[in-house]
Amino acid sequence: MQSESETSVRLRFAPSPTGYPHLGNIRTALFNWLFARHHGGKFILRIEDTDVARKVEGAGEIILDSLQWLGLNWDEGPYFQSQRLPIYHEIAHRLIEEGHAYLCYCSPERLKTMRQEQAKRKQPPKYDRHCRDLTQHERTRLEATGITPVIRFKTPLEGETIFYDLIHGPVTFKHDTLDDFILLKSDGYPTYHLANVVDDHLMAISHVLRADEWLSSTPRHVLLYQALNWQAPQFAHLPMILGPDRAKLSKRHGATTITEYREQGYLPDAMVNFLVLLGWSLDDRTELLSQEELIKHFSLERVGKTAAIFNKDKLEWMNGVYLRKLSLEEFIQQAMPFLDRDLPKSVERPLNNSYVSQVLSLIQERAKTLAEVPQLASFFFLDELQYDTNLLLRGKPDAKSAAKAIAIASQKSEKVMTWDATTLEGILRPLAAELNLGTGELFGLLRVAVTGRTAAPPLFQTMAVLGKEKCLKRFDTALQSLSTYFN
RNA sequence: GCCCCCAUCGUCUAGAGGCCUAGGACAUCAGCCUUUCAAGCUGAAGAUCAGGGGUUCGAAUCCCCUUGGGGGCACCA
């Protein structure tokens, strides 16, 4: 399986800390990681922090944190481009010496008005190469003004660049649609194009898997590799992930950062499984795959070309599947922090472990996310239930007979020696017939009295977990609120 | 405006010329199970494969055009 050439498979995830990672970013990381692991190669992490102005404090940490949470472990790095500035300078100047780049003194203002003119004439915005062929005399004069120049790449004026994309096949760009892009900014930092190419080469990256939005800058990169006389890596441009409105993922789409999904109670394995199916598939039926299976089967041949719209319903479903697959112990371990975080303050902490365990065994199969757990389970922990008394009267019985039913149920329950679900059912089920009520009606009534809601885990199991004392007390409370209806 | 990419149920997708009267999953609806909810099971509905031309005995699959969508065109990545 692992050939000699595959030992040099080296992938990287190279995010910029200009924002928190969203699903698209993470999906890119995931595909890189899967490809590396599948081929027994290396997965490298590199932080492309070359935009000083847009840098978001803490974003780097969140990126690392997100990858770790998902289990996307890396073998090298993180490398920081901001710490490698001398390397980019050296390469940029080498490019100048070899005639592949030049100093440009144009001011941002000049560039701006130039672009406005071009827009007015409905022409594509392109640098007009004003400084491309400056004479030594002109250069000296501009140098004297104290302007800090940028370094631009001398894009060939004619011809075309063709590269083979592992997903899209051959892609062609004519050089006259490209312009002389900047390599080194006047603040001394490299642009993405330079830093990315230099680092991919220096870090011996074999395959570049990145989002489709990079496809149109790939010819620039290929040109750079050629100018530097370096071998370019293989490129594979991944389909994008769009929001429900078909637009690029952004803040408007709700929880866009991966850490928010963690806070909302999604499991990392479910996230990975869901994300991988956005653009990749194993066959025509397999939906649920473990990380081992993904590593085993992942391949670029099965990556699609079409952008995917992120569908939260399916994520929720899948998370529910993963939640139910957990052992009770694992589920408790995962849910406990959410209970701690979201249960009302009035509930005494720390929570009782064995009680929580009993409660969660009833909740596990009903939760789609861990964040739902406290809400689903709250009535188990509350001292007093808040609910609309009308809920007690949803069924056939009027207030008087409802009260009677609860009162008798309460009396019978009180006499129960072994407080468990079977015993409770044994005495309460016959009660329905005695009272001439359907089981559904009686149980529904008792359910509201005991839980304060119409949808809850099975009544007798719920009562068993709640305990005798609480149940009787809640029956009492229900009777009191009912009494206001006929007093 | 120019360049590039893409196009199968609402959504994620299978499909690499005949296996397709287009398969699976989520969501939806109905039924079963059932003390409610959830889960589970069964079934239904849902795509004239964006449209139009070709090529071929035969096209969702190959080619061209149109349309639509997305992306790029910064001293941002």
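Computed from a prediction, not measured in an experiment: that's the story for all the values here. Numbered from 1 within each chain, the chains take letters A, B, ... in sequence-line order. Note: hydrogens, waters and symmetry copies are ignored here, and every other heavy atom, side chains too, is used.
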Sugar-phosphate only, base, or nothing, as touched by Phe274(A) at under 4.0 Å among non-hydrogen atoms: nothing
For C41(B), the Watson-Crick or wobble partner whose two distances fall under 3.5 Å: G31(B)
G-U wobble or Watson-Crick pairing nucleotide for A14(B) (cut-off 3.5 Å, both distances): none
Check: Gln234(A) side chain, Asp165(A) main-chain N or O, donor-acceptor pair, under 3.5 Å: no
Presence of salt bridge, Arg46(A) and Glu48(A), under 4.0 angstrom: yes
Sugar-phosphate, base or nothing in reach of Thr172(A), heavy atoms under 4.0 Å: sugar-phosphate
Interatomic distance at P, U11(B) relative to C49(B), whole Å: 16 Å
Sugar-phosphate only, base, or nothing, as touched by Leu459(A) at under 4.0 Å among non-hydrogen atoms: base
Sugar-phosphate, base or nothing in reach of Thr454(A), heavy atoms under 4.0 Å: base
Touch class at under 4.0 angstrom, heavy-atom based, for Pro457(A) against every strand present: base
Sugar-phosphate only, base, or nothing, as touched by Gly320(A) at under 4.0 Å among non-hydrogen atoms: nothing
Sugar-phosphate, base or nothing in reach of Ser186(A), heavy atoms under 4.0 Å: base
Spacing of the P atoms in C6(B) and C64(B) (rounded, Å): 12 Å
Touch class at under 4.0 angstrom, heavy-atom based, for Pro190(A) against every strand present: sugar-phosphate
Same-atom distance (P) from A60(B) to C19(B), integer angstrom: 9 Å
P-based separation of A22(B) from C65(B) [nearest Å]: 30 Å
Touch class at under 4.0 angstrom, heavy-atom based, for Lys112(A) against every strand present: nothing
Sugar-phosphate only, base, or nothing, as touched by Arg110(A) at under 4.0 Å among non-hydrogen atoms: nothing
Short N-O contact, Lys174(A) and Glu158(A), less than 4.0 angstrom: no
Integer angstrom distance from the P of U8(B) to that of U48(B): 12 Å
Identity of whatever pairs with A7(B) - Watson-Crick or G-U, under 3.5 angstrom: U67(B)
Span that lies between the C1' atom of A14(B) and that of C26(B), in whole angstrom: 15 Å
Pair assignment for C19(B), Watson-Crick or G-U wobble, requiring both distances under 3.5 Å: none
Mate of A47(B) where both pairing distances stay under 3.5 Å, Watson-Crick or G-U: none
Under-4.0 Å salt bridge between Glu434(A) and Lys412(A): yes
Where chain A begins and ends its contact with RNA chain B, read 5' to 3' at 4.0 Å from heavy atoms: G1(B) to A77(B)
Sugar-phosphate only, base, or nothing, as touched by Arg324(A) at under 4.0 Å among non-hydrogen atoms: sugar-phosphate
Nucleotide forming a Watson-Crick or wobble pair with U36(B), both distances under 3.5 Å: none
Sugar-phosphate only, base, or nothing, as touched by Cys106(A) at under 4.0 Å among non-hydrogen atoms: base
Non-neighbouring partners of Arg129(A) that pass side chain to side chain donor-acceptor pair (under 3.5 Å), sequence neighbours left out: Asp180(A)
Sugar-phosphate, base or nothing in reach of Arg115(A), heavy atoms under 4.0 Å: sugar-phosphate
Ring geometry between Phe163(A) and Phe173(A) (parallel below 30°, tilted from 30 to 60°, perpendicular above 60°): parallel
Arg429(A) or Thr286(A), whichever maps to the more 5' nucleotide of RNA chain B: Thr286(A)
Along RNA chain B (nearest heavy atom to each residue), the more 5'-positioned of Gly304(A) and Arg121(A): Arg121(A)
side-chain contact (heavy atoms from CB on, under 4.5 Å) partners for Thr422(A), two or more places apart: Asp420(A)
N-O pairing of Glu117(A) and Lys112(A) below 4.0 Å: no
Close side-chain approach of Asp199(A) to His201(A), heavy-atom, < 4.5 Å: no
Span that lies between the C1' atom of A39(B) and that of G23(B), in whole angstrom: 26 Å
Sugar-phosphate, base or nothing in reach of Thr50(A), heavy atoms under 4.0 Å: sugar-phosphate
Distance, P atom - from U13(B) to G52(B), rounded to whole angstrom: 26 Å
